[in-house]
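What follows is one structure encoded as structure tokens, with my remarks underneath.
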Amino acid sequence: MKKIIITFASFLLFVVSFMGFNSSIIAAEFISIGTGGPTGVYFVVGNSVCRMVHKEAAEGRKSGRKHGLRCAAPSTGGSNYNIGQIKEGELQFGVAQSDWQYHAVNGSSKWEGKKFANLRAVFSVHPEPFQLIASGSSGINSFGDLKGKVVNVGNPGSGQRGTMEVLMKAKGMSMGDFKQATELTSSEQVGALCDGKVDAIAYTVGVPNGAIGQAIDGCGAHFVDLNSDAEKKLVNDNPFYAFANIPAGTFYKSQKKDAVTFGVMATFVSSAEVSEDIVYEVVRAVFENLDDFKKLHPAFANLDPKQMISNGLSAPLHKGAVKYYKEQGWM
Ligand code: GLU
């Protein structure tokens, strides 16, 4: 018995010294970041953030500036799923489209009656055009041509599903106008398009994206322009939408003409319930290593701190983020 007590006491001593009571900023703590499908850019955002958090933890162990954050960024259903899980306290961070950040914090659109007042903006990442892509054999060249076709509207919880519903409403169309509306995830939909199981897919995603490349270059699909009066009204009426252009032959070799559509920003969000110290450490890890971060995906190439702390952010900034941005003289 005595032996067990001694063993337990030395174990406790070990834990206490491991936590580095004297110099650690945050003791061991686990954080999860909600992303999107495994073939999207959100998955790279979340895992790149974790990579920088772990890099800072390793370097801090050498310099004495210790933090014990451990980070995971699993694949999820996307924007609205992530915001919902942050609200439930199941995730501490998530990536979300700027339109859904706006609606969640204001209790509008899909978030009517479910307002998430504690949603906090942390920073914005890359632009995400809303992309409608039709197969070569579908004969679809405009949004109206989707009538009577098999259209993948996306899985519930994804950003594209929500934005597709907003666009359908703006166009006076309903699910009943399609021959069939499928709910495949972002990682399932390109295979279905190339196999002829669906005629068109929608995806709000950063440029370039491997899955989109597979559709355009791999099986001859094409972008459908989205720049008629309905889209102009959406862009005019809503601060979180802007027109976007995907230039011909630049990101996707077989793309013959520029694609014109509207889009949003990908944003990194959290909750006021997550501690200031944790958010500060995550933000610090990203911005202290921004040059490395930018190399992790071509969609991050133009990231600029001044824009990242303001573009597409409608929820209040988290206190922990504000602390770092003020220290840097950015605010
Ligand atoms: N915008 C998509 C969504 O909100 C995800 C895009 C991605 O995974 O990169 O669900």
Side-chain angles (χ1 to χ4, degrees), residues 32-50 73-87 91 93-105 109-111 116 119 121-133 152-167 182-191 201-215 226 238 240-242 244 246 251-252 261-270 293 296-303 311-315:
S32 296
I33 304 173
T35 64
T39 53
V41 184
Y42 284 13
F43 192 65
V44 185
V45 172
N47 284 284
S48 303
V49 171
C50 285
S75 163
T76 70
S79 289
N80 282 316
Y81 174 88
N82 295 340
I83 298 172
Q85 291 294 99
I86 294 171
K87 191 178 180 204
L91 292 171
F93 295 92
V95 194
Q97 291 180 199
S98 51
D99 47 350
W100 298 113
Q101 179 188 143
Y102 177 97
H103 289 308
V105 76
S109 186
K110 256 189 186 318
W111 288 87
F116 179 15
L119 180 63
V122 181
F123 53 79
S124 63
V125 204
H126 55 283
E128 295 190 276
F130 177 79
Q131 296 156 65
L132 181 65
I133 296 154
N152 188 49
V153 295
N155 62 291
S158 69
Q160 53 270 9
R161 170 60 173 273
T163 309
M164 180 70 173
E165 286 173 2
V166 168
L167 182 59
T182 57
E183 296 189 315
L184 302 174
T185 63
S186 57
S187 47
E188 294 165 334
Q189 64 179 351
V190 172
I201 60 172
Y203 198 8
T204 321
V205 71
V207 180
N209 167 252
I212 301 276
Q214 213 181 313
L226 295 170
N238 296 290
F240 40 77
Y241 292 136
I246 305 172
F251 300 105
Y252 309 111
T261 183
F262 68 103
V264 292
M265 292 299 293
T267 70
F268 197 68
V269 296
S270 185
F293 187 95
L296 296 175
H297 195 284
F300 305 157
N302 299 320
L303 294 184
N311 274 4
L313 307 181
S314 38

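Note that these values count all heavy atoms, side chains included, but never hydrogens, waters or copies made by symmetry. First listed ligand is number 1; within each ligand, the first listed atom is number 1.
A donor and an acceptor atom, one from each side chain of Asn311 and Ser124, are nowhere located under 3.5 Å apart. With 3.5 Å as the limit, one finds a donor-acceptor pair spanning the side chains of Gln97 and Thr163.
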Using a 3.5 Å cut-off on N/O to N/O, what pairs does ligand 1 make with the protein? A line per pair would be great.
from: ligand 1; atom 1: 1 (N); to: Tyr42; atom 2: OH; distance (Å): 3.2
from: ligand 1; atom 1: 1 (N); to: Gln97; atom 2: OE1; distance (Å): 3.0
from: ligand 1; atom 1: 1 (N); to: Glu128; atom 2: OE2; distance (Å): 2.9
from: ligand 1; atom 1: 1 (N); to: Thr204; atom 2: O; distance (Å): 2.7
from: ligand 1; atom 1: 4 (O); to: Ser79; atom 2: N; distance (Å): 3.3
from: ligand 1; atom 1: 4 (O); to: Ser79; atom 2: OG; distance (Å): 2.4
from: ligand 1; atom 1: 4 (O); to: Gln97; atom 2: OE1; distance (Å): 3.3
from: ligand 1; atom 1: 4 (O); to: Gly159; atom 2: N; distance (Å): 3.1
from: ligand 1; atom 1: 9 (O); to: Val41; atom 2: N; distance (Å): 2.6
from: ligand 1; atom 1: 9 (O); to: Tyr42; atom 2: N; distance (Å): 2.8
from: ligand 1; atom 1: 10 (O); to: Ser79; atom 2: N; distance (Å): 3.4
from: ligand 1; atom 1: 10 (O); to: Gly159; atom 2: N; distance (Å): 2.8

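For the atom pair OG1 of Thr204 and CZ of Phe262, the computed distance is 7.5 Å after rounding to the nearest 0.5 Å.
With sequence neighbours excluded, no residue forms a salt bridge (Lys or Arg N to Asp or Glu O under 4.0 Å) with Glu188. Partners of Ala104 under the side-chain contact (heavy atoms from CB on, under 4.5 Å) rule, at least two apart in sequence or in another chain, are Ile83, Trp111, Leu119.
Listed by first then second residue, pairs satisfying salt bridge (Lys or Arg N to Asp or Glu O under 4.0 Å) with a partner in residues 153-164 read Arg161-Glu165, Arg161-Glu183, not counting sequence neighbours.
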